[in-house]
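Since the structure comes first, as structure tokens, the remarks are kept for the end.
Naming convention: chains lettered A, B, ... in sequence-line order (proteins, then strands); numbering from 1 in each chain.
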2 protein chains.
Amino acid sequence: MSEVNIKYLAEKLGLAPSTVSRALNDSYEISQPTKDRVVALAKALNYQPNPFARSLREQKSKTIAVIIPERINNYFSQVIDGIEEITQEYGYHLLVYSTHENVETERKIISYLLNGRVDAIVMSVSSQTKNIDHLETVYNKGVPIIFFDRICKEIPTTKFITNDYENGYKATNLLIEKDCKKIYFLLLSKEISIGKERLRGYLDAMKESSLPFEESWVIQCSQKEEENISLISKFLYGMDRPDGIVASVEKLAIATYYAARETKLNMPKDFKMISFSNMRIAGLLQPTLTTISQPALKLGMECAQLLMKKLTKPNQPPLEDKIIVLPSQISMRESTGK
Amino acid sequence: MSEVNIKYLAEKLGLAPSTVSRALNDSYEISQPTKDRVVALAKALNYQPNPFARSLREQKSKTIAVIIPERINNYFSQVIDGIEEITQEYGYHLLVYSTHENVETERKIISYLLNGRVDAIVMSVSSQTKNIDHLETVYNKGVPIIFFDRICKEIPTTKFITNDYENGYKATNLLIEKDCKKIYFLLLSKEISIGKERLRGYLDAMKESSLPFEESWVIQCSQKEEENISLISKFLYGMDRPDGIVASVEKLAIATYYAARETKLNMPKDFKMISFSNMRIAGLLQPTLTTISQPALKLGMECAQLLMKKLTKPNQPPLEDKIIVLPSQISMRESTGK
DNA sequence: AAATTACACGAAATCGATTGCACTGATTGT
DNA sequence: ACAATCAGTGCAATCGATTTCGTGTAATTT
């Protein structure tokens, strides 16, 4: 590829490779005239240092892995945009992987990353993840790891989430205020940390209200769109259907729209819904969807900022074991009634 | 990080590093018993070869760059999913970059990749891209590059697109069949190759019909959502507003929905619309949107397949200079009338 | 018995950049 | 006047894996 290497430059300049290297790195031991000559030639030949030689020597890759459960999801796209915005400034590169919500894939991806290929990992765990051996391995190897959204509490590192408990609570109360008497909660999977928090908010809100509640109102959904639609349709067909639904993730809200269409029920007349979602077009659905949207871009930026500090400044302590909570925003729309 | 290297293994086994390397690579010069011992220990210690040492030596990175204009777009997410599905099997990694439709960013990203960091580039050029020096540099350096969707015709390499001309033509005729008399075309930017093709299809369909046509019906939109909405609203307010709209990209269709709401016009009664789009929820909009959706996943997979062949098989010729066309699919929905 | 050959493995060079140490010539201190 | 200091540069080792070229042994051939 690029035949212009440091040895070639050295030859052209009548200097030693080491001198060229030091000149390019602006070392104090090199005289200004020499530096100027070196830099000039490097620019003229468009010299680009070989990243692998450098990584090998320095034991760092200037690369960060981002692992997400799915790509077709605005939320994750926005988070990555946020991460990239910051890391780009520092000359870092992003390896992006999707687990497709599959733990086995997650394990495999992680195993590829334990050989120094990346300097750090930013991830949102798959909904299937129960056994966290692979995550512990990462931690034990000393690779900085940051979790976001779907975090793994057991690993002592920094995690970023939104105020899920609070919003689960608020969302539920919002439906209660709108006079809903029977509120269901759609859960993607019990393993997801944020699902749990949102559920906890819902449960507490239900408990505090004087409304009835049954365990079976917490609906465990799957990854498969079709299954979810028929599952939701099933209980919407029932005489004892809910008149309020809290969807813990966007795709369940969408499934509910399809189910509503199938069952010919009218939203918000027959039932109201609120969903956690970062869709841009929530305002174009029929009816428009009341959402709780997460500050995805900001979250990505903060993750990256923290990482960059850790990776680029000398003598940084390990990432603190703490959870940073960013506030979400509720947008009232038609699906919860006017 | 990982202290288990080939030298360490060699020591433990009482062998030379070269022997260990050969054993792990299943060289014919190593006896079976020795191979077994080496492989066993490597597995036991969970030995992972250092990717940089290997890349440095072999002059290849097993990494591919994917450059897209924006992340928050299902189409691109699906393409990347497709690419990843194939490249993962071959042990390749994906560096993903977004240009945010900015040529300067595009240039910068490309410049980072010319030092051997990646073995190939798969990209969709930004809508601003006119000057293609940076793309020519890539080509001249011998880095395999594949374009998709928004291609750069001037570079002699393989490009993947969908049958944009044909679909622009079909979409327009579809509106004509639905009795539209005045059909506008929403264009994102004249620089985008696919925009041009879709436009050409529209123009030809208009020409062939007996309908009137004016140059000003091709609306040049920008990247800014707000600007587009007010631009579209403006002509929708006019007395001589269109009764049919072909949106060349998804975001313009969305802007049109907002504009329709603002101007209190009814779709499909007052005007009909068809859009190129890969939205999953086109069927949930009000009215549901008739779309031409591209085979994004498949496109990604075919790109990757071609690349993998080029990169993993010996003595491959350069990527052929040709355009591969994949068929899109039209989904009729309410926005074009029943 | 000498020579060829197959086999199993080791030594050292290589990829390209960085860096600890050594060396030269000039300047400063005593 | 002679040692000590220092700026400016080169030499060689290093990072970890691969690979070229050998080496030594045993088996087989002539």
Side-chain angles (χ1 to χ4, degrees), chain A residues 1-39 41-42 45-63 91 112 114-119 141 314, chain B residues 1-39 41-42 45-63 91 112 114-119 141 314:
Chain A
M1 287 313 154
S2 167
E3 303 92 356
V4 186
N5 56 30
I6 214 165
K7 204 188 275 178
Y8 180 83
L9 283 183
E11 232 168 71
K12 284 277 170 196
L13 289 161
L15 291 171
S18 51
T19 306
V20 175
S21 170
R22 275 186 269 252
L24 290 172
N25 291 313
D26 202 28
S27 161
Y28 67 96
E29 340 180 55
I30 305 296
S31 69
Q32 197 54 52
T34 306
K35 277 184 191 171
D36 291 345
R37 279 179 61 219
V38 173
V39 171
L41 185 66
L45 297 182
N46 193 26
Y47 164 74
Q48 295 286 97
N50 182 305
F52 304 118
R54 192 174 260 175
S55 290
L56 179 59
R57 181 65 221 239
E58 313 230 292
Q59 302 287 32
K60 59 184 180 183
S61 62
K62 283 216 157 204
T63 303
Y112 296 147
L114 293 176
N115 48 17
R117 188 179 287 274
V118 296
D119 295 342
K141 282 243 181 186
Chain B
M1 278 331 145
S2 167
E3 304 92 355
V4 187
N5 56 30
I6 214 165
K7 204 188 277 178
Y8 180 83
L9 284 182
E11 234 168 72
K12 283 277 169 196
L13 290 160
L15 292 170
S18 49
T19 307
V20 176
S21 171
R22 276 186 272 248
L24 291 172
N25 290 313
D26 203 27
S27 160
Y28 67 96
E29 339 183 52
I30 304 297
S31 69
Q32 198 54 52
T34 305
K35 278 184 192 171
D36 292 345
R37 278 180 61 217
V38 173
V39 171
L41 186 66
L45 297 182
N46 192 28
Y47 165 74
Q48 295 287 94
N50 182 306
F52 304 118
R54 190 175 262 175
S55 290
L56 179 58
R57 180 65 221 239
E58 314 229 294
Q59 301 288 32
K60 60 184 178 181
S61 62
K62 285 218 156 198
T63 303
Y112 295 149
L114 292 176
N115 48 18
R117 188 180 287 275
V118 296
D119 295 342
K141 283 243 179 185

Task: 4.5 Å side-chain heavy-atom contact, B/Asp119 and B/Thr63 - done: no
Task: Between P of C/dA8 and CG of B/Asn25, the distance in whole Å - done: 17 Å
Open item on the list: Checking the side chain of B/Ser61 only, and the main-chain atoms of B/Arg117 only, is there a donor and an acceptor separated by less than 3.5 Å?
Closed with: yes
Protein and nucleotides 23-25 of chain D: nitrogen or oxygen contacts under 3.5 angstrom:
none

Open item on the list: What is the separation between atom NZ on A/Lys60 and atom P on C/dT18, rounded to the nearest whole Å?
Closed with: 11 Å
Open item on the list: Just to verify, what does B/Tyr47 make a ring-ring contact (aromatic ring centres under 6.0 Å, His included) with, not counting sequence neighbours?
Closed with: none
TODO: Could you pull out the closest heavy-atom pair between A/Phe52 and B/Gly116, with the gap in Å?
DONE: CE1-O, 3.1 Å
Task: DNA chain D-proximal residues of residues 51-58 of chain B, any heavy atom under 4.0 Å - done: B/Ala53, B/Arg54, B/Arg57, B/Glu58
Task: Whole-Å distance separating the CG atom of A/Asn5 from the P atom of C/dT18 - done: 12 Å
- [ ] Looking only at non-hydrogen atoms, find the nearest pair between A/Tyr8 and A/Leu45 and report the distance.
- [x] CE2-CD1, 3.7 Å
TODO: Using whole Å, report how far CG of A/Leu24 lies from C1' of C/dT19.
DONE: 15 Å
Open item on the list: Using a heavy-atom cut-off of 4.0 Å across all strands, would you classify B/Tyr47 as base, sugar-phosphate, or nothing?
Closed with: sugar-phosphate
Open item on the list: Using 0.5 Å steps for rounding, measure from the CG atom of A/Leu114 to the CG atom of B/Asn46.
Closed with: 7.5 Å
- [ ] Report the residues that fulfil side chain to side chain contact (heavy atoms under 4.5 Å, CB included) with B/Glu58, sequence neighbours left out, ordered by chain and then residue number.
- [x] B/Arg54, B/Lys60
- [ ] Mind calculating the distance between NZ (A/Lys7) and P (C/dA13) to the nearest angstrom?
- [x] 12 Å
Open item on the list: Does any part of the side chain of B/Asn50, heavy atoms only, come nearer than 4.5 Å to the side chain of B/Asn5, both counted from C-beta?
Closed with: no
Write out a two-atom table: protein N or O, nucleotide N or O from nucleotides 4-10 of chain D, distance below 3.5 Å.
| unit_1 | atom_1 | unit_2 | atom_2 | d |
| --- | --- | --- | --- | --- |
| D/dT9 | OP1 | A/Thr34 | OG1 | 2.9 |
| D/dT9 | OP2 | A/Ser31 | N | 3.2 |
| D/dT9 | OP2 | A/Ser31 | OG | 3.1 |
| D/dT9 | OP2 | A/Thr34 | OG1 | 3.1 |
| D/dG10 | OP2 | A/Ala16 | N | 3.0 |
| D/dG10 | OP2 | A/Thr19 | OG1 | 2.4 |
| D/dG10 | O6 | A/Arg22 | NH2 | 2.8 |

TODO: Quickly work out the A/Asn50 CG to C/dC15 C1' distance and round it to whole Å.
DONE: 8 Å
Open item on the list: For C/dT18 and A/Gln59 - does any side-chain N or O of the residue sit under 4.0 Å from the phosphate oxygens OP1/OP2?
Closed with: no
- [ ] Report the distance from atom NZ of B/Lys35 to atom P of C/dC9, rounded to the nearest whole Å.
- [x] 10 Å
Under 3.5 Å, side-chain donor or acceptor atoms of residues 12-30 of chain B against the rest of the protein: list the pairs with distances, not counting sequence neighbours.
| unit_1 | atom_1 | unit_2 | atom_2 | d |
| --- | --- | --- | --- | --- |
| B/Asn25 | ND2 | B/Ser21 | O | 3.0 |
| B/Asp26 | OD1 | B/Lys35 | NZ | 3.0 |
| B/Ser27 | OG | B/Glu29 | N | 3.2 |

Task: B/Asn115 side-chain N/O to A/Gln48 backbone N/O, donor-acceptor pair under 3.5 Å - done: no
